[in-house]
Amino acid sequence: MKRPVAYVAGTGRGVPATVLTNHDFASRGIETTHDWIVERTGIHERRLAGEGESTCSMAADAARRAMEKAGVQAGDLDVIVLSTATPDRLLPATAVDLQAALGAQRAAAFDISAACSGWLYGITVAEGLIASGAAQTILVVGAEKMSAIVDWSDRATCVLFGDGAGAVVLKARDHTRRTDDPKHAKGILSTFMRSDGQLAELLWRPAGGATVPFTEAVLTDRSHFVKMAGREVFKHAVRSMSEAADRALDGARLTGADIDVMIPHQANVRIIEATAKHANIPMDKVYVNVDRFGNTSSASIGIALDEAVERGRVKEGSTVLLVAFGAGFTWASMVVRF
Ligand code: ACO
């Protein structure tokens, strides 16, 4: 087992106040029912960004809370990594808007695009920057305004997603403390990332950079909304999240029995149950809030982690498995001791 180089010093979340319940879809002209949505996904309601709320503003809310809990000032941040599939602008990165909003004058800032796995990708990149000595204190935020990119006339996708942001502050561990027993050391114990771009067509959204963008599909469908083959995505999600859970556990030389809390990407409760079963982790050790927030893409694990800390589910000494899957496809995981 490796000696951890970085640890989670603070967590935070920023979620809009506006709640959209399953029952509210009727008033939007969407033909669906509460029972259908709950049975297929476990979702009861989700949050929607309101007037004046952006990916950056939700990210800033989450970031300020994480920094406060970590005892970190904006000027202490060396790097800001922002994962999003819904940047406020394509140029520049939303991370620099966040850097300005926080007044983090010393911080380098950049976005990561790896869909729902992006926050774990971001933490992995941040851990690498800390390991190399390039940075000591890094803010990693996952922030998504999914309501801006879902097709509100497509009942198969619009019921799934929600808006919000989750954040952590990562700090370098003190390498001079050689007495640490790695078995009990706190910090990131293992990380794992994978992708398969052959499957990109199963979940995607058009943009301006493609060399051959004017296919029949794009010409006839002028919408620039998310397109998803739900059933196929479901199958791959279960398979890839199961693999990711195995790899992170192997990397930390642990089994499911050693995990105190599993916090998976909150896309669908059936995907979560299948992943937990594969990893031999009982559902009472799995943190689930997809019922209240829907799928907030790369914000979902950060929001859930912050709630789990606040509710005492994750505490000092807890060994936590984080697992994600998203468009790309991408998948990722890590084991973190708090
Ligand atoms: N309300 C009522 N009926 C609906 C709705 C709805 N909101 N949406 C679809 N239906 C209907 C369909 O029209 C279809 O009707 P038909 O049989 O008459 O043609 C029927 O329900 C079944 O449709 P399916 O798409 O086959 O339903 P399925 O059981 O696969 O559930 C779902 C759909 C919930 C999207 C499921 O496939 C799923 O959860 N997939 C994973 C999606 C996901 O999690 N994506 C994100 C992961 S990656 C990331 O987070 C970016």
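Each ligand, and each atom within it, is numbered from 1 in the order the structure gives. Since we're looking at a predicted model, the values are computed, not measured.
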side-chain hydrogen bond (donor to acceptor under 3.5 Å, both in side chains) against Asp61, all qualifying residues, sequence neighbours excluded
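side-chain hydrogen bond (donor to acceptor under 3.5 Å, both in side chains) check on Asp61 returns nothing, list empty.
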
Within-cutoff protein neighbour (heavy atom, under 4.0 Å) for [atom]:
atom: atom 17 (O) of ligand 1; value: no
atom: atom 25 (O) of ligand 1; value: no
atom: atom 4 (C) of ligand 1; value: yes
atom: atom 37 (O) of ligand 1; value: yes
atom: atom 14 (C) of ligand 1; value: no

For [atom], what's the nearest protein heavy-atom neighbour? Residue, atom name and distance, please.
atom: atom 8 (N) of ligand 1; value: Trp36 CH2, 3.3 Å
atom: atom 39 (O) of ligand 1; value: Asn268 ND2, 2.7 Å
atom: atom 47 (C) of ligand 1; value: Val233 CG1, 3.8 Å
atom: atom 44 (O) of ligand 1; value: Ala267 CB, 3.5 Å
atom: atom 29 (O) of ligand 1; value: Arg40 NH1, 2.6 Å
atom: atom 45 (N) of ligand 1; value: Met228 SD, 3.3 Å

Numbered atoms of ligand 1 (with element) below 4.0 Å of [X], judged on heavy atoms:
X: Asn295; answer: 46 (C), 49 (C), 50 (O)
X: Val159; answer: 7 (N)
X: Leu203; answer: 48 (S), 51 (C)

Evaluate side-chain contact (heavy atoms from CB on, under 4.5 Å) for His236 paired with Phe325, printing each intermediate quantity in order.
CA-CA 9 Å; His236 285 285; Phe325 172 82; 3.9 Å; yes

Using a 4.0 Å heavy-atom cut-off, which part of [X] comes near ligand 1: side chain, backbone, both, or neither?
X: Thr32; result: both
X: Ile30; result: neither
X: Thr41; result: side chain

Using a 3.5 Å cut-off on N or O atoms only, is [X] in polar contact with ligand 1?
X: Arg231; value: yes
X: Gly230; value: yes
X: Ser297; value: no

Does a donor on one side chain sit under 3.5 Å from an acceptor on the other, for Asn289 and Glu307?
yes

When you compare the side chains of Arg337 and Thr319, does any donor N or O come within less than 3.5 Å of an acceptor on the partner?
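The criterion, which ignores hydrogens and geometry beyond distance, is satisfied for Thr319 and Arg337.
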
For atom 12 (C) of ligand 1, which of Glu31, Arg155, His34 has the closest heavy atom?
Arg155

From Cys116, Ala85, Ser298, Ala115 - option closest to atom 51 (C) of ligand 1 by heavy atom
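The nearest heavy atom belongs to Cys116.
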
How close do His34 and His44 get, counting heavy atoms only, and between which atoms?
CE1-ND1, 3.7 Å

Distance-only, no hydrogens or angles: does the Arg46 side chain make a donor-acceptor pair with backbone N or O of Leu20 under 3.5 Å?
yes

Test side-chain hydrogen bond (donor to acceptor under 3.5 Å, both in side chains), reference Thr86, set Arg205, Glu144, Lys145, output is Glu144

So the side-chain hydrogen bond (donor to acceptor under 3.5 Å, both in side chains) pairs with at least one residue in residues 260-279 (sequence neighbours excluded) are Asp246-His278, His265-Asn295, His265-Ser300

